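Because the structure is predicted, anything quoted here is derived from the model rather than measured. Per chain, numbering begins at 1; letters A, B, ... match sequence-line order.
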Amino acid sequence: MDNIAIARVLREIADLLEIKNENPFKIRAYRNGADIASNHPHDLAALDETGLREIPGIGKDLAARIREIAETGDAGFHRELVAEFPPTILDLLNLQGVGPKTVATLYRELDIRTLDDLERAAQDGRIRALRGMGTKKEALILKALDERKRFAGRHLLPDAHDAAAALVSHLRERAPEAVVEPVGSLRRGCDTCGDLDLLACGAPPSLIDDFVEYRLVERVLGQGDTRSSVRLAGGFQADLRLVAADSRGAAMQYFTGSKAHNIALRDRAIGRGLKLNEYGLFRIGKETRVAGEREEDIYGALGLDWIPPELRELGGEIEAAEAHALPRLVDVADLRGDLHTHTTETDGKDDIRTMAEAAKAAGLEYIAVTDHSRSLAMANGLDERRALDHAARVRAIDAERIGVRLLAGIECDILPDGSLDLADDCLAALDLVVVSVHSAFNQDRQQMTDRILRAIEHPHVDIVGHLTGRKILRRPAYALDVEAVVDAAARHGVALEINCQVDRLDVNDVHARLARDRGVPLVISTDAHSRTAFGRLRWGVLIARRAWLEPANVLNTRPFDAFRASIRRNRRGAA
DNA sequence: GCCGTTTTCGGCCCGACTGTTTTCAGTCG
């Protein structure tokens, strides 16, 4: 049982307890446990009860449940709940406007167990007959059922950025005197976004009208004096909140989240006789305001350094801020090179020189040309002869000193048995070797782990590309013991890539932070297949920032010569 | 269910909006 599977059981317990109208704090404890499990870098199944209880938020009961799930695949407590309620009713919870109380009523009064049951009941007019419900609620349910079919789930980060930017500029035109900006998961740099949260400070109330009249609004979910939610064409939900200009810092803090970070911060406020909400930080009793205009002042009044949004996930940032020990996070401007690019020699769209010029225009000092190897036939992958000829062409252009330095590299396939796709003498003759998995994704966890470990042990390997193979919103990562791979990378001085393809962002923030903690160097690379792709370094940088990476943790922040000296093949005494 | 420099018991984050109600419960973020 991996952490995701453990998290799923805990989350289902929380949802079912909520439908059962149990103690809300018990529900929160389970939900918190699920969050801890899904974000924990180590396998919880490998920890004993004592080890589990050392994790804040995991106590006696949760530790026992997690052990039980790890050993048997399920928990007796979970089975008892499922016997009480059919698990299919959890689907109902995902509908906009349907919460646990409604689900419980629907099940108790009308024996509604599935989305189909619910649709029939709404169509037959049986919902409106229930106490506390009416025709509007019934219509809302039908609407939510319809939208669920069309807009499922989350969106890629860059899509969310584009949609938010267009909406922000619409609002800024209507209220030039106001400060309008994205908050929420967008500001925290999460790798997917569920909705767009926008904050407007010092705007007239009429901005709410301008918001709901935006040309892409398909449905208004709610509209009041200070906030509104809409559904946009394309599936985004957008939320706008208005506050006075002098509450901007408090509101930004509040609406940036994360939820867990905010709860911890408000808890800290209470401990100091203060109350924190979106309008400011107040002294309880006297109701005087201590801070509110600037985020820095909110954190400062709570005895903390200002915390960058990407770190606000309750992953130790509050303790670090208290100790003045927050990292100086890596920034796009720190990056000097890109170590994963393709050309027309395999499946790229542009030739070596065009890619080099584009990298230079993007402000980079060096790139590695890393076309595919032989076994990726679909991409016209290179055999040894072509790889060396291609390397000679790369070096010839580099010798012209065109303003960006070039490394002759390869993205070499890791074959299913863990051997590499090109001969050792060829790999030894290149400047940089990135190795990646492009085949046999369905190997079991042990096979895949052994496969990648074997590749890392190969003396000519410098970097592992897109380690987990995930395609965001399309396919999950393959089964892999990431911790074992990270430890091997640390032993052999191999770097891990943060791949900037917008649907990869692989490794993710959790794994990158684990790598940092174990002393594994990282690189942030575009995997560019055309001259337009260098701009996407910014997405990888967000992952790096969420992983607490400083410039020193990222090899391609170094100048060209220092970078070359830092990769495995060029280090003295490298394994 | 978790937790402890007020506490091993008694706390646990906060507010806006909607619909169905005549004062509030449910949902959401």
Side-chain angles (χ1 to χ4, degrees), chain A residues 10 13-14 17-19 21-36 52-66 75 77 92-106 127-141 143-144 183-186 188 193-199 208 212 220-230 237-243 247 250-251 253-282 284 302-303 314:
Chain A
L10 296 178
I13 290 175
L17 287 174
E18 199 164 23
I19 291 167
N21 200 20
E22 264 276 4
N23 175 358
F25 300 104
K26 184 171 171 178
I27 294 161
R28 182 197 288 177
Y30 274 99
R31 202 154 276 154
N32 188 36
D35 286 342
I36 289 168
L52 287 168
R53 292 197 61 178
E54 282 171 12
I55 301 170
I58 306 290
K60 182 166 171 287
D61 289 23
L62 276 173
R65 303 258 190 260
I66 291 171
F77 186 48
L92 309 182
L93 275 181
N94 293 326
L95 295 171
Q96 170 80 42
V98 178
K101 297 288 191 300
T102 307
V103 171
T105 306
L106 291 169
I127 306 287
R128 70 183 72 174
L130 295 174
R131 178 180 174 74
M133 314 240 185
T135 54
K136 284 192 174 175
K137 188 80 182 173
E138 197 170 77
L140 274 176
I141 285 175
K143 207 134 206 168
V183 287
S185 58
L186 217 48
R188 298 201 313 280
C193 282
D195 51 20
L196 311 175
D197 295 312
L198 304 181
L199 177 65
I208 294 284
V212 301
V220 178
L221 301 171
Q223 181 179 3
D225 294 336
T226 65
R227 73 175 295 167
S228 171
S229 297
V230 297
Q237 180 179 323
D239 300 322
L240 174 67
R241 183 65 192 263
L242 262 50
V243 299
S247 288
Q253 196 292 311
Y254 183 84
F255 291 109
T256 296
S258 65
K259 195 182 183 111
H261 175 90
N262 283 0
I263 288 175
L265 222 55
R266 267 170 258 149
D267 193 44
R268 188 179 175 89
I270 289 171
R272 292 163 182 247
L274 300 167
K275 183 177 77 162
L276 179 60
N277 59 27
E278 61 263 57
Y279 304 111
L281 185 63
F282 300 88
I284 295 172
L302 294 172
L314 201 61

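- Taking atom P on both B:dA16 and B:dT22, the two are 23 Å apart, rounded to the nearest angstrom.
- Judged as a side-chain contact (heavy atoms from CB on, under 4.5 Å), and not counting sequence neighbours, the contacts of A:A264 are A:L314, A:I318.
- B:dT20 and B:dG26 are spaced 11 Å apart, taking the C1' atom of each and rounding to whole Å.
- Of the residues near DNA chain B, A:D61 and A:S228, the one whose nearest nucleotide (by heavy atom distance) lies more toward the 5' end is A:D61.
- Evaluation of the salt bridge (charged side-chain N to carboxylate O under 4.0 Å, His left out) rule for A:D239 yields no partner, not counting sequence neighbours.
- Between A:I208 atom CD1 and B:dC17 atom C1' the separation is 11 Å, expressed in whole Å.
- A straight line from CD1 of A:I263 to C1' of B:dC2 spans 13 Å, rounded to a whole angstrom.
- Side-chain contact check for A:I66 versus A:L10: some heavy-atom pair is nearer than 4.5 Å.
- Going from atom CG of A:L52 over to atom P of B:dC2 covers 11 Å, rounded to whole Å.
- Partner assigned to B:dT8 is none, using Watson-Crick or G-U wobble distances below 3.5 angstrom.
- For A:A129, there are no side-chain contact (heavy atoms from CB on, under 4.5 Å) partners at least two apart in sequence or on another chain.
- Looking at heavy atoms from C-beta onward, A:L106 lies in side-chain contact with A:L130 at the 4.5 angstrom threshold.
- Residue pairs satisfying the side chain to side chain donor-acceptor pair (under 3.5 Å) criterion with at least one member in residues 271-281 of chain A, sequence neighbours excluded, are listed as follows: A:R241-A:E278, A:R241-A:Y279.
- Looking at heavy-atom distances under 4.0 Å, A:D225 makes contact with sugar-phosphate atoms alone, never a base.
- When the C1' atom is compared between B:dT6 and B:dG11, the two are found 11 Å apart, to the nearest whole Å.
- B:dT7 and B:dC12 have their P atoms separated by 16 Å, given to the nearest Å.
- Listed nucleotides B:dC17, B:dG1, B:dC14 differ in distance to A:K275; the shortest reach to its side chain belongs to B:dC14.
- Not a single salt bridge (charged side-chain N to carboxylate O under 4.0 Å, His left out) links A:R53 to another residue, sequence neighbours left out.
- Distance, A:I36 CD1 to B:dG1 P: 15 Å, rounded to whole Å.
- Nucleotides B:dT8 and B:dC2 have their C1' atoms positioned 12 Å apart, rounded to a whole Å.
- Nearest nucleotide to the side chain of A:Q223, out of B:dC12, B:dC2, B:dT18: B:dT18.
- When the C1' atom is used for both B:dC9 and B:dC14, the distance is 25 Å, rounded to whole Å.
- Note on A:R65: only backbone sugar-phosphate atoms sit closer than 4.0 angstrom, heavy atoms only; bases stay farther off.
- Checking the phosphate oxygens (OP1, OP2) of B:dG15, no side-chain nitrogen or oxygen of A:T226 falls inside 4.0 Å.
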Using nucleotides 3-10 of chain B, report all nitrogen or oxygen pairs with the protein that are shorter than 3.5 Å.
residue	atom	partner	partner atom	Å
B:dC3	OP1	A:G57	N	2.6

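- If you take CG of A:N277 and P of B:dC14, they are 8 Å apart, rounded to a whole angstrom.
- Looking at residues two or more places apart in sequence or on another chain, you find no salt bridge (charged side-chain N to carboxylate O under 4.0 Å, His left out) involving A:K101.
- Scanning for salt bridge (charged side-chain N to carboxylate O under 4.0 Å, His left out) contacts around A:R188 gives A:E313, with sequence neighbours left out.
- For A:R28, counting side-chain heavy atoms from C-beta on, the closest listed nucleotide (B:dG1, B:dC14, B:dC12) is B:dC12.
- Interatomic distance, A:K259 NZ to A:N32 CG, rounded to the nearest 0.5 Å: 11.5 Å.
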Each nucleotide of nucleotides 19-29 of chain B classed B (base within 4.0 Å of a protein heavy atom), S (only sugar-phosphate) or -, in 5' to 3' order, makes SSS----SSSB
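- Within the 4.0 angstrom heavy-atom criterion, no nucleotide atom of any strand lies near A:I27.
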